[in-house]
Amino acid sequence: MPQANRQIVLDQLPQGKLAADHFRLIEGEIPQPAEGEALIRTRYVSLDAANRAWMQGATYRSALDAGQVMAGGALGEVVDSRDPSLKPGDLVWGDVGWQEYASLPARRLSKLPAMEPLTHLLSVYGVAGLTAYFGLLECGRPKPGETVVVSAAAGAVGSIVGQIAKIRGCRAIGIAGGEEKGRWLTDELGFDAAVDYKAGDFKKRLREAVPNGIDVYFDNVGGAVFEACLFGMNTFGRIACCGAVSQYDQAAPQHGPRGVPGLIVTKRLSVRGFIVSDFADRNDQALADLQSWVQSGQLKVQEDVIDGLENLPSALVGLLAGENRGKRMVKV
Ligand code: NDP
């Protein structure tokens, strides 16, 4: 085993846009596990837009402080254990952080099955797949023939949302940045249409893409895109509020979309926020469905794997700028 533990520290909290030089690479010690803990060797770190939101303040987890090892979900392998529930070789998921080794309480780690490729445990069978599944089916409640619109459609969650909408007999429209992502959504993933929110006349093009209005909007981005979709909603439509990536990469979230109270009332909309762990007691059913769709070829999995712990900062900055297609992660 190596002597040093390479770690990436969040050196300063960003006041505006996040940059790679807000982080610093250091070498720490490999921590010995205490009673009830396991020593984990990191294999893949998940890159999430929410990593940036944690720097703005407390969310569903406490806020990050300057000087701490950057937090983040990761897939790791147990190398030593002082808890009877885990043994060397076990694969686990937890908030391991941006480092090669961490000792964590076994109760904060979830054991994962071995599978090929391992990366699917972070994408379709991980947070992204479960978020898409529960957010769409439980909060969006789409019916066959309805129109489902999803933003950040070429990202980890959105690319799965649109495909599940198609599997459920809906019309799927993806909103994503750039023509190339749009073509990929329609030509490779089977979306019915894609709308580039970065090009001019976005609202007009969105209206044209949804001639029968929007029944379900799966919101990954908030802000102006949320606002445009809100105006296109049909009466009794459902909005699944999953995240607000357009609001993360700044000192604090800006004001929300205009028209929220009035339109929600007059259109009788149901708007539901959720965190994927709300549905954890039904993960087995979700995973069984996701697995059968992947095996039948109805659900395509897109992953964006970058090599090397030292590349984590630029990988996160790039994700916020829309570099990724599908689930971005870093192999350590
Ligand atoms: P990804 O990390 O895969 O992709 C993020 C994408 O967002 C980028 O590729 C970019 O694509 C797009 N984006 C960036 N800035 C903007 C902007 N200003 N306006 C519109 N789009 C933008 O995303 P995930 O699929 O992992 O996450 C999607 C959302 O789901 C996030 O808000 C995240 O926080 C949330 N989430 C919520 C969970 C929950 O339990 N509620 C769990 C997991 C994720 P483009 O080129 O299209 O701009």
Side-chain angles (χ1 to χ4, degrees), residues 17-18 45-56 59-61 72-73 93 95 122-124 126-136 138-140 149-164 173-185 189 191 194-199 202 206 217-229 239-250 253-254 257 271-280 283 286 301-306 312 315-330:
K17 274 199 170 307
L18 183 72
V45 178
S46 171
L47 267 305
D48 295 283
N51 297 155
R52 175 66 183 88
W54 304 339
M55 300 171 194
Q56 288 177 331
T59 51
Y60 52 88
R61 57 158 294 142
W93 165 262
D95 187 354
L122 276 82
S123 59
V124 66
V127 169
L130 293 169
T131 301
Y133 182 94
F134 289 119
L136 179 64
E138 296 298 322
C139 304
V149 172
V150 57
S151 49
V157 175
S159 59
I160 299 177
V161 169
Q163 294 185 81
I164 299 178
I173 313 297
I175 300 175
E179 261 178 53
E180 205 183 311
K181 280 189 179 179
R183 263 198 306 278
W184 175 66
L185 291 173
L189 300 191
F191 282 56
V195 186
D196 177 3
Y197 73 97
K198 289 183 173 167
F202 165 62
L206 176 64
Y217 172 50
F218 192 107
D219 183 40
N220 281 320
V221 307
V225 171
F226 183 109
E227 185 178 299
C229 291
I239 300 181
C241 291
C242 177
V245 62
S246 75
Q247 304 299 301
Y248 296 162
D249 202 10
Q250 50 204 349
Q254 306 295 309
V271 180
R272 179 165 170 198
F274 71 97
I275 296 289
V276 62
S277 53
D278 299 344
F279 304 98
N283 278 0
V301 184
Q302 179 74 25
E303 294 167 344
D304 169 16
V305 184
I306 292 172
L312 273 160
L316 179 57
V317 171
L319 175 125
L320 294 166
E323 266 176 13
N324 63 306
R325 211 187 257 186
K327 177 69 204 165
R328 177 165 275 199
M329 61 189 91
V330 164

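Whatever order the structure lists ligands and atoms in, that order sets their numbers, starting from 1. Keep in mind the model is a prediction, meaning the values are calculated, not measured. Heads up: numbering here begins at 1 and tracks the sequence.
Summary of contacts: the protein heavy atom closest to atom 10 (C) of ligand 1 is G322 CA, 3.5 Å. For atom 8 (C) of ligand 1, the closest non-hydrogen atom on the protein side is L319 O, 3.4 Å. Counting only heavy atoms of the protein, atom 33 (C) of ligand 1 lies nearest to Y248 OH, 4.0 Å.
Heavy atoms of N220 found under 4.0 angstrom from ligand 1 belong to the backbone as well as the side chain. No part of R328 comes within 4.0 Å of ligand 1, judged by heavy-atom distances.
Listed by chain and number, the residues in a ring-ring contact (aromatic ring centres under 6.0 Å, His included) with F191 amount to none (sequence neighbours excluded). When the ring-ring contact (aromatic ring centres under 6.0 Å, His included) test is applied to Y197, no partner is found at least two apart in sequence or on another chain.
Summarising the geometry, atom CG belonging to L189 is positioned 8.5 Å from atom CZ belonging to R325; distances are rounded to the nearest 0.5 Å.
Taking distance alone, with nitrogen or oxygen atoms compared against 3.5 Å, V127 stays at or beyond that limit from ligand 1.
By the 30° and 60° cut-offs, the orientation of the rings of F226 relative to Y217 is perpendicular.
Here the shortest heavy-atom distance to atom 37 (C) of ligand 1, taken over G243, G318, S246, C242, belongs to C242.
The closest approach between any non-hydrogen atom of G178 and ligand 1 is not below 4.0 Å. V225 does not count as a contact of ligand 1, since none of its heavy atoms falls under 4.0 Å from the ligand.
In this structure, Q56 and Y248 approach most closely via the heavy-atom pair NE2-O, 2.9 Å.
A donor and an acceptor atom, one from each side chain of K327 and S159, are nowhere located under 3.5 Å apart.
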Report the C-alpha separation of E138 and D278 in whole Å, then their side-chain angles, then the decisive distance to 0.1 Å, and conclude whether the side-chain contact (heavy atoms from CB on, under 4.5 Å) test is met. CA-CA 11 Å; E138 296 298 322; D278 299 344; over 6 Å; no
